[in-house]
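Below is one structure, written out as structure tokens, with a few remarks after it.
We name chains A, B, ... by the order of the sequence lines, and we start the count at 1 in each one.
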2 protein chains.
Amino acid sequence: MERLPDLDPADPRPIHQQIAARVREAIESGVLQPGDRVPGENLLMTRYAVSRWTAREALALLANSGLITKVPKVGTFVRDQRRLQRKPRRYRRQRGTAEFATEARAAGLHPDIEADSRVVEAAEDIAARLEIPAGTEVMRTEYRFLADGRPIQLATSFEPFDLTRDTPIERPEEGPLAGTGVITRMDSIGVEITRVAEEVSTRLPSPGETEALRVPSGVPVFCIHRTFSTDQRPVEIADIVIPGDRYALTYEFRVTEDDDPVTL
Amino acid sequence: MERLPDLDPADPRPIHQQIAARVREAIESGVLQPGDRVPGENLLMTRYAVSRWTAREALALLANSGLITKVPKVGTFVRDQRRLQRKPRRYRRQRGTAEFATEARAAGLHPDIEADSRVVEAAEDIAARLEIPAGTEVMRTEYRFLADGRPIQLATSFEPFDLTRDTPIERPEEGPLAGTGVITRMDSIGVEITRVAEEVSTRLPSPGETEALRVPSGVPVFCIHRTFSTDQRPVEIADIVIPGDRYALTYEFRVTEDDDPVTL
DNA sequence: TAGTGGTCTAGACCACAAT
DNA sequence: TTGTGGTCTAGACCACTAC
């Protein structure tokens with residue numbers, strides 16, 4: 001019945017770590033395939049003659065490292081580790097469609113975008129990133145990106161309101177240019193975006209993000225701070241949160257001489 | 001003595017989650033500052049009249065989300081959430097020094113690099129990324145990057161051995177060009193690198209990485225697959241592992257017309 | 001020596017899913 | 001109905017740190 005090997009009495013590690021190692025080896029060697037049921041708490045208790053806590057802790061180790069998923073009242077299963085999607089990050093003019101929708105369709109998924117815009121006063125950190133005084137009016141837009149109905153990306157963008165006030169693109173996701181992307185929209189009011197900067201960090205999701213993105217426990221998220229700028233000033237910043245298990249971010253450059261900047 | 005508020009009997013959440021929420025609020029509100037001691041298991045047991053397990057689970061929740069650090073036999077402390085270092089990613093010729101050493105010195109740290117090179121036969125995945133047949137000889141180099149003696153970055157690089165065999169740069173970290181970076185080294189044998197691609201993913205560290213990088217539990221790592229190419233072919237690939245709590249990756253582009261690629 | 005977190009036992013009750 | 005994981009109690013021994 002049980003494929004898991006015995007423990008090694010000479011192993012100095014705690015028992016729960018040894019049990020976790022046995023299960024891990026079974027997964028990494030392919031004995032247990034993604035989606036397979038992992039021996040549960042009861043099974044581990046009897047198999048290794050340990051208490052509930054020890055078995056539970058062993059599984060917790062694996063769940064926290066993202067190797068397995070616990071489904072309450074159903075069982076524990078090997079997680080699928082594949083990264084299904086890519087996020088090529090290039091920025092071009094005249095795109096005609098926003099990044100996300102293009103990517104999703106390329107992956108055969110039906111994209112959907114929910115957006116909620118309102119004018120707010122810029123907080124300290126937002127103001128600093130937009131290089132405007134704190135308290136200045138900005139248009140803040142919260143996005144939820146859905147693929148086949150599942151939320152897959154969150155973003156909050158800020159645009160200085162003095163730029164877009166009383167223009168057709170006052171609200172990013174309304175009007176004729178909805179869904180075309182920042183560069184196209186800004187172009188339409190004569191604002192030429194020439195630079196993009198992204199700062200990528202990673203962390204475990206907050207409880208709110210766990211819920212909104214439905215990420216399994218133990219899966220980190222990417223957090224991207226993106227800035228679109230003209231030659232003069234930043235004109236849009238966005239904070240983007242992406243599940244780390246479903247995306248890889250790709251960046252490409254061309255190497256140039258000396259102090260000349262990079263290109264692809 | 002205790003600043004933590006009482007629990008709400010009407011709260012439907014499990015007790016350990018409620019306790020974790022109280023501690024979390026104390027940290028996020030600034031009552032507990034980074035480095036401060038967090039109420040330990042014994043204190044939580046008496047404060048909320050719960051068992052050891054409940055108190056422990058509450059702290060485990062916070063530790064797994066990276067908010068606190070448990071130090072065995074010493075106590076539990078609020079983790080410093082600041083990202084101390086940046087990793088500007090630009091690639092230029094004639095750099096003279098490898099990326100890492102420059103970055104570290106800029107941050108006032110003493111850099112140190114350990115490297116171990118050997119010739120191996122390329123496995124399937126490595127061969128595919130280098131666009132060579134599997135089994136071809138490659139020079140594989142394992143790096144450990146230290147800052148002030150602490151390991152802070154791991155990398156494994158692969159170079160097709162037919163390129164560098166019997167040249168002064170056969171082993172990347174030996175000879176006169178040690179520490180100068182791939183672009184400079186390849187230049188010296190007439191191989192002109194013109195493109196760089198990075199694919200960034202994130203995950204929780206493997207047990208080995210946890211140990212090698214000494215990352216606290218609950219901290220994800222960046223995993224970067226980097227490819228240096230000439231106009232003809234890939235000439236170096238590297239898998240880089242970086243603690244996610246100490247680095248942010250920055251990428252900058254210049255926006256270009258239509259199908260023209262990106263630049264900074 | 002007192003206090004900490006690490007590890008572990010041996011129980012218990014629960015709601016829910018699968019059957 | 002059975003089995004699952006979720007939650008929780010009430011103990012225990014340990015090694016190590018701080019004092």
Original post:
Where is the tightest heavy-atom contact between Gly244(B) and Val219(B), given as atom of each residue plus distance?
Top reply: N-CG1, 4.3 Å
Subject >> Under 4.0 angstrom between Asn42(A) side-chain N/O and dG3(D) OP1 or OP2 >> reply: no
**OP:** Send over the distance from Ile68(A) CD1 to dT4(D) P, rounded to a whole Å.
**Re:** 14 Å
**OP:** For Glu57(A) and for Arg52(A), locate the closest nucleotide of DNA chain C by heavy-atom distance; then report the residue assigned to the nucleotide nearer the 5' terminus.
**Re:** Glu57(A)
**OP:** Would you name the heavy atoms of Pro205(A) and Glu209(A) that are closest together and state the gap between them?
**Re:** CA-OE1, 3.4 Å
Subject >> For Leu7(B) against Pro9(B), the heavy-atom pair lying closest together >> reply: O-CD, 3.5 Å
Original post:
What residues, two or more places apart in sequence or in another chain, satisfy side-chain contact (heavy atoms from CB on, under 4.5 Å) together with Met45(A)?
Top reply: Asn42(A), Arg52(A), Ala55(A)
Original post:
For Arg140(B), which residues count as a side-chain contact (heavy atoms from CB on, under 4.5 Å) partner, sequence neighbours excluded?
Top reply: Val120(B), Glu142(B), Thr156(B), Phe158(B)
Original post:
Checking side-chain contact (heavy atoms from CB on, under 4.5 Å) against Leu62(B), which of Val38(B), Thr69(B), Ile68(B), Ile19(B) comes through?
Top reply: Ile68(B)
Subject >> Residue whose closest nucleotide on DNA chain C lies nearer the 5' end, Leu59(B) versus Ser51(A) >> reply: Leu59(B)
Original post:
So, are Asp36(B) and Arg79(B) salt-bridged, with charged N and O less than 4.0 Å apart?
Top reply: no
Original post:
Are Glu199(B) and Arg129(B) ion-paired here, with the side-chain N under 4.0 Å from a carboxylate O?
Top reply: no
**OP:** Specify the closest pair of heavy atoms between Leu59(B) and Thr76(B), including all atoms of both residues, with the distance to one decimal.
**Re:** CD1-OG1, 4.4 Å
Original post:
Can you give the first and last nucleotides of DNA chain C, 5' to 3', that have an atom under 4.0 Å from a heavy atom of chain A?
Top reply: dT7(C) to dA17(C)
**OP:** May I have all residue pairs that pass side chain to side chain donor-acceptor pair (under 3.5 Å) and include part of residues 13-31 of chain A, sequence neighbours excluded?
**Re:** Asp11(A)-Arg13(A)
Subject >> Positions of residues 12-21 of chain B (non-hydrogen atom under 4.0 Å from DNA chain D), listed by number >> reply: Pro14(B), Ile15(B), His16(B), Gln17(B)
**OP:** Using a 4.0 Å heavy-atom cut-off, write out nucleotides 14-19 of chain D from 5' to 3' as B (base contacted by protein), S (sugar-phosphate only) or - (no contact).
**Re:** -BBS--
